[in-house]
Every structure is written in structure tokens, then in C-alpha cells.
> 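Starting off with a structure, shown below.
By convention here, the first residue in the shown sequence is residue 1. As the structure is a prediction and not an experimental result, all values here were calculated from the model.
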Amino acid sequence: MNNSKSFSYLFRKSPLFRTLLWVTAVVVFAVSSVVFSFQSKKIPVIDSIIPPVGAPGDLIIIKGKDFGSLRDTSYIEFGGSKLTSSSYVSWSDTEIKVVLPANIKDGLVIVETKDARSKPAFFANTTAAPVAVNQNTQTTMPLITSISPERIFPGELLSIRGVNFGNSRERSKVFFSTDREIKKEDQNATSNTEELDFIEASDDDFNYVYWNDSEIRLYIPDGAASGFVYVETPKGKSAKRKFTMDNKAGKKSYISPRTYLVQLGVDIDETNGDKDSDIILRCPHPFTTPAQPTVKMTEYTQEPVISDFQHTIIHQTTGAKTTLGKRTFQQNFAITVYETRTQITAAKIESKERINDMLLTNYTKSDPCVPSDSEDVLTLAKKIVGAERNSYNQAILLYNYMIQNFTIQKDSKHKNNSPVELIKNKKGDAYDFAMLYTALLRTLGIPAIPNSGILVNSDLKTQNHWWTEFYLSGFGWVPVDTALGAGMEFQAWQRDYEPSQFYFGNLDGQHIVFSRGWNEIKPSAPNNKIVQRPRSYALQSIWEEASGKTIKYSSYWSNPMVVGVY
């Protein structure tokens, strides 16, 4: 009997065989349905967000795939908040358009459909992040018709009148002449001279006060010198307008420039999290200041999500267990640093009441690094300055007291102790010295800010370091390094000065700034796990964020290295 006849005979004669056959068919059908359903389940993928930074009211386009042809019950999260129905403009399988509502902040963007959640992408609010604006060549260039007053001192309010400034500042800027020494090779490179001859008014110092299409009001920035002022908008640059700086309180100059090639980065390894977990890295971005005018990223190992946001470089990587192994995120910078020299006439310092209100308020209050609200700090400050009321004289009295009564240590055994303990222990590291000196100044109503970064020895080895700047009305910021003034070990390029005298009012060109003051960063989503690095080369509240239900990983942050100098 052949096989077909055997099968036919069993099918007709055996009820058990027929039952088994039907059961097998049902099982095969069920398994096939499950497999088909699993294979047909589409996980949405975000390829890009256009633009990656935006403001409330902007149209945001999310491109990708598998969003579904209709929105139905699908939705989008921005920074942990679901968009309401009124926000959606259009929804297709490959593109979603939404209008950004007013309550959305920075954070992760996730598309969730009935099938699954996408991997998150990063979005930033344009009110805090730089936005590239396309030039409109058909619009007239900005034009300055007058400035008032034409003779002015640092920190004074200046009015610029003209046309075509734009109804709001957005990313427009005002530039002023400065007193910088320019190397011979830079003098021959015309593309470099303007950025070294001029400084930009500073958002960090709250210089900008008012901006419309025909008038700009702003405070003269620190480091400005007699020469020219001009306005730059997305449409171009105005012609330069001459002004004279009144230097009755003293002068500041920037000399002996050096350009450092600096490398910094972080390694991520041993990640173990759910499939939706992500790690956001916020690598400190070197600051731009009058003494550190050019900071250029020359190369990187992995492209950042955003190259400069809140003074950080943002990288994003998966936190799920992966075969990628160790992942390195590295950036190289070319940073030009000048030596700062000041000459100050104490008797000509203006009253503190003439200082920009925003600057005075923000840089005289307590923060997580500067304990200026401590009773011990206030008591010591009053004891040191006595009846002295001149801000410059008060600052030098505080400086001399610290370098004469406290012992500087290169390393500190207690990394989390308060700088106030320096008052009792009489010894501490550079961080303790800088934060306590800043706190002493602030408690007396003198605006002061701690700088954090690295100190470059003559052998190009680096170490984390902290120092201070304080602000004088009618003059500007004055640099002070209490740790070096107290005798901290340091290999200078040349030592033709007495440290205790030099480091009040002057600063060598071996200090590289990564942050000025405490950088308070908000997490991208409320429940993200946060990692901080206290007493590091940048004072910021977040270095790493991890999103996801369960995630474990290891990270290693290398201290910045100088790989070359010229």
C-alpha cells in the first residue's frame, strides 16, 4: 500500500488519527498567527528632528518610519510630557508635524504607537541653545546712526540707534574693540584678526538690556577698549562706529597668547539596561571669554547630538546591553588663551550701585558651590575688612588674609567637605581657597564668580584648578588666584614675578576655563538617573543622565590633556 492510500485509509477508519490531524492543523495555524503578528509589529524609528532646537510656537518635523498612517491613539512625548491633540499638524508613516506648545522644555523625544515606543531622540529649547539662522540676502544690512554716550566706561549703559537691527535679538550680537596682543602669524591671517581685535557683549554678564529694529541698549562688556563698535545680525555686519573708553579706574590688557590643543572625553562600557534605555553625556565645553577668545572643536570620535548647549557637548548612546563594547566619546579643541594684566586706581572705582542689577544680584548670592550665606563667612569677612568700604581695597584685604593665614594643599583628603571648613582647619586645596574667597567677596556685596578648568604646567601636564574673578564698577572683572598666591606648586613658563603679588589682579596664560560659576542643568526627563562629579574641572549639576526602567553601566571621564601648544 502506497503512502497516499495509507493516509486515506487511516483518515477514514481512525477517529484518533483524524483528531490528531485536526489538532496539529490548529497548532500550526496558531503558531503561524503569532509569528506573523510578531513580524508585522512595527517599532517606530526617529531618524531626525527638524530643527533639533526650537521655541514654543515653532513647527517641528519628526522624520523616520513606522509611525503609522494615522495617529489614532499614538502620541509624542517631549521631555516626559505628552503633546495634546491641538499640537499635531499632520501624521504619516514617515513624517510627523507638530507645533511646539509653551510648556515644553528640553529633553527626550519619543514616538509611541499602538505597537511600541521608539528609541528617544534629543531636543533642545532655542531660548537656551544657539540656533543657526539662514541669512536673507534681500534684507538691508544693519546700520548704526548714533551711539550715546560716545565716551563711556566699562559697565556703563550704552544706547545704539540705527535701522535693521531686527525686532528681537535672537542670535544677533554687538562687538567692541579690545586690547589684545596679536601674534605675527595671526596678523598675516586676515580671517583671524577681527575675532581677536573685538569682543562680544556677554549673555553670562547680562550685558543685553533692550533690542528692537531701531535701538539697542546694553552694558559695555568686560574687556572693551577704545576703538569701534558694530552690530552683527543674520543679515550681515554694520559699519563700525567709533567710541572712546574712559579708563579713569584703570586698564586691562591681554598679552602673550598661546594656543593649546586640548583633548577630553569619556568611555562608556558594560551597559546593561532595557531596550528603551539611553545614556546622555554632557561633556563640558570650554568657555569663551575676553582672555580665552577662541575655542574651536577640531575633531571628535563620535558626532555630538548638540555641539554646544548650556556650555556642554551633548552625546547620546543606548543603555541596552550591546555587543559594541567600550564606546569612547572624545573631542579635541584648539583654545587660545591670553595672559591678563590689570592696572587699577582704587580711588576711581565707581559705587556698587552703578553695577548692572542682574549681574549684581546673580553674582552676590549663595549657590551650591559658594557658601556666601554662611554666618562664619560673614563674620570673617567683616573682621578682615573692618571699616574699609572701597570694593578694591576690601578684595585685596581678603586676599592677603587668606594667603597669610591659610595653608594650601595640592590634594585634599575630604573631597565633599564644605569650603567653610577652611576657616576652622586653616588648610585646604585650590577648590577650598577659590570658593571661600568668592564667598567672602559675595557676602560683602562684591560680585564674584568662581572659575573652574585646568592649569597647564610647563611640561604640558594638567591638573584640575579653580580661581576667582570679582567685579568692580567702572572697571570690569578682576582675576585672582588665591591658591597660587598662597604658594601652590606650579611649573610656570617663566617666573619673573612674585606669585603672592602677581595673582591678585593678573593671571598667566596657563589657565584654561571650562566653566564660570555654577552651571545648573535640568534633567531631560523627570525620572532620569543623574550623575554629578563634584570638584571637577567644570562646575555643573549633571554630567550623565540615564533613562529607562533598569540600567547599569560604567563610565570613565579622563581629565583634559594638552597634546600640543603653539
Side-chain angles (χ1 to χ4, degrees), residues 130 133 135-182 186-187 189-254 288-291 293-294 338 348 350 354-359 471-477:
V133 182
Q135 289 194 7
N136 183 355
T137 57
Q138 297 179 351
T139 304
T140 307
M141 302 275 279
L143 173 67
I144 299 175
T145 57
S146 67
I147 62 172
S148 177
E150 293 188 352
R151 186 176 184 85
I152 197 166
F153 58 81
E156 187 175 2
L157 190 65
L158 175 71
S159 176
I160 303 174
R161 293 181 175 85
V163 293
N164 301 321
F165 299 147
N167 290 323
S168 59
R169 185 168 76 88
E170 296 180 353
R171 304 315 299 173
S172 299
K173 306 170 183 178
V174 180
F175 290 85
F176 294 81
S177 293
T178 189
D179 183 10
R180 286 199 192 101
E181 177 185 320
I182 299 179
D186 287 332
Q187 291 175 346
T190 56
S191 61
N192 290 336
T193 55
E194 189 162 275
E195 69 180 1
L196 296 177
D197 282 337
F198 287 85
I199 61 170
E200 177 189 347
S202 170
D203 286 311
D204 296 302
D205 286 351
F206 312 100
N207 290 149
Y208 293 102
V209 175
Y210 177 79
W211 191 294
N212 72 13
D213 196 53
S214 59
E215 184 181 10
I216 302 167
R217 292 196 294 271
L218 75 166
Y219 291 98
I220 297 293
D222 177 59
S226 294
F228 298 92
V229 57
Y230 69 89
V231 177
E232 181 178 343
T233 73
K235 292 84 179 178
K237 299 177 182 178
S238 72
K240 298 177 177 67
R241 185 85 180 194
K242 192 171 184 179
F243 76 99
T244 302
M245 183 67 71
D246 187 338
N247 294 315
K248 63 182 180 180
K251 293 184 64 176
K252 180 185 294 185
S253 58
Y254 305 99
T288 299
T289 70
T294 58
Y338 282 76
K348 299 293 184 179
E350 298 282 341
R354 301 194 63 173
I355 296 176
N356 174 355
D357 287 341
M358 290 290 290
L359 187 149
Y471 193 88
L472 294 175
S473 180
F475 180 82
W477 290 105

> To the nearest 0.5 Å, tell me how far I147 CD1 sits from I216 CD1.
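I147 atom CD1 to I216 atom CD1 measures 11.5 Å (nearest 0.5 Å).
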> What pair of heavy atoms forms the shortest contact from T140 to K235, and how long is it?
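Minimum heavy-atom separation between T140 and K235: O-CB, 4.2 Å.
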> Would D205 and W477 count as a side-chain contact (heavy atoms from CB on, under 4.5 Å) here? Give the steps.
CA-CA 10 Å; D205 286 351; W477 290 105; 3.0 Å; yes
> I need the single residue from D179, D222, T178, V174 that forms a side-chain contact (heavy atoms from CB on, under 4.5 Å) with I199. Which is it?
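Passing option: T178.
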> What is the distance from atom CZ of R180 to atom NZ of K252, rounded to the nearest 0.5 Å?
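If I round to the nearest 0.5 Å, the distance is 11.0 Å.
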> Measure the spacing between CG of L143 and CZ of F165 and express it to the nearest 0.5 Å.
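If I round to the nearest 0.5 Å, the distance is 7.0 Å.
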> Is R171 close to P234 at the side-chain level, that is, under 4.5 Å between some pair of heavy atoms?
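Counting from C-beta outward, P234 and R171 never come under 4.5 Å.
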> Given salt bridge (Lys or Arg N to Asp or Glu O under 4.0 Å), test R169 with D203 step by step and report yes or no.
CA-CA 12 Å; R169 185 168 76 88; D203 286 311; 2.4 Å; yes
> Taking the side chain as every heavy atom from C-beta outward, state whether E200 and T288 have any atom pair closer than 4.5 Å.
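No. Closest side-chain heavy atoms not under 4.5 Å.
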> Given N164 and T233, is the side-chain contact (heavy atoms from CB on, under 4.5 Å) satisfied, shown in steps?
CA-CA 9 Å; N164 301 321; T233 73; over 6 Å; no
> List the steps and the verdict of side-chain contact (heavy atoms from CB on, under 4.5 Å) for K240 and S177.
CA-CA 10 Å; K240 298 177 177 67; S177 293; over 6 Å; no
> Below 4.5 Å, heavy atoms only, C-beta onward: do R161 and S159 meet side chain to side chain?
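R161 vs S159: side chains touch.
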> If you measure from OG on S226 to CD1 on I152, what distance do you get to the nearest 0.5 Å?
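Here the interatomic distance stands at 11.0 Å.
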> Can you tell me how the ring of F176 sits relative to the ring of F243, calling it parallel under 30°, perpendicular over 60° and tilted otherwise?
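The arrangement is perpendicular - the two ring planes meet at more than 60°.
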> Should R241 and E150 count as side-chain neighbours, where that means a heavy-atom distance under 4.5 Å?
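A side-chain contact exists here, since the closest heavy-atom pair is under 4.5 Å.
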> Is there side-chain contact between F153 and K348, with at least one heavy-atom pair below 4.5 Å?
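With C-beta onward as the side chain, the pair stays apart.
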> Do E156 and M245 have side chains that approach each other closer than 4.5 Å (heavy atoms only, starting at C-beta)?
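Contact flag for E156/M245 side chains = no.
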> Rounded to the nearest 0.5 Å, what separates atom CD1 in I160 from atom OG in S214?
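Here the interatomic distance stands at 12.5 Å.
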> If I take atom OG from residue S473 and atom CG from residue L359, how far apart are they, to the nearest 0.5 angstrom?
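So the gap between those two atoms works out to 10.5 Å.
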> With side chains defined as the heavy atoms from C-beta onward, is the minimum distance between Y219 and M358 less than 4.5 Å?
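Contact flag for Y219/M358 side chains = no.
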> Got Y254 and P290 here, is their nearest side-chain heavy-atom distance under 4.5 Å?
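When only atoms from C-beta onward are counted, P290 and Y254 do touch, with a gap below 4.5 Å.
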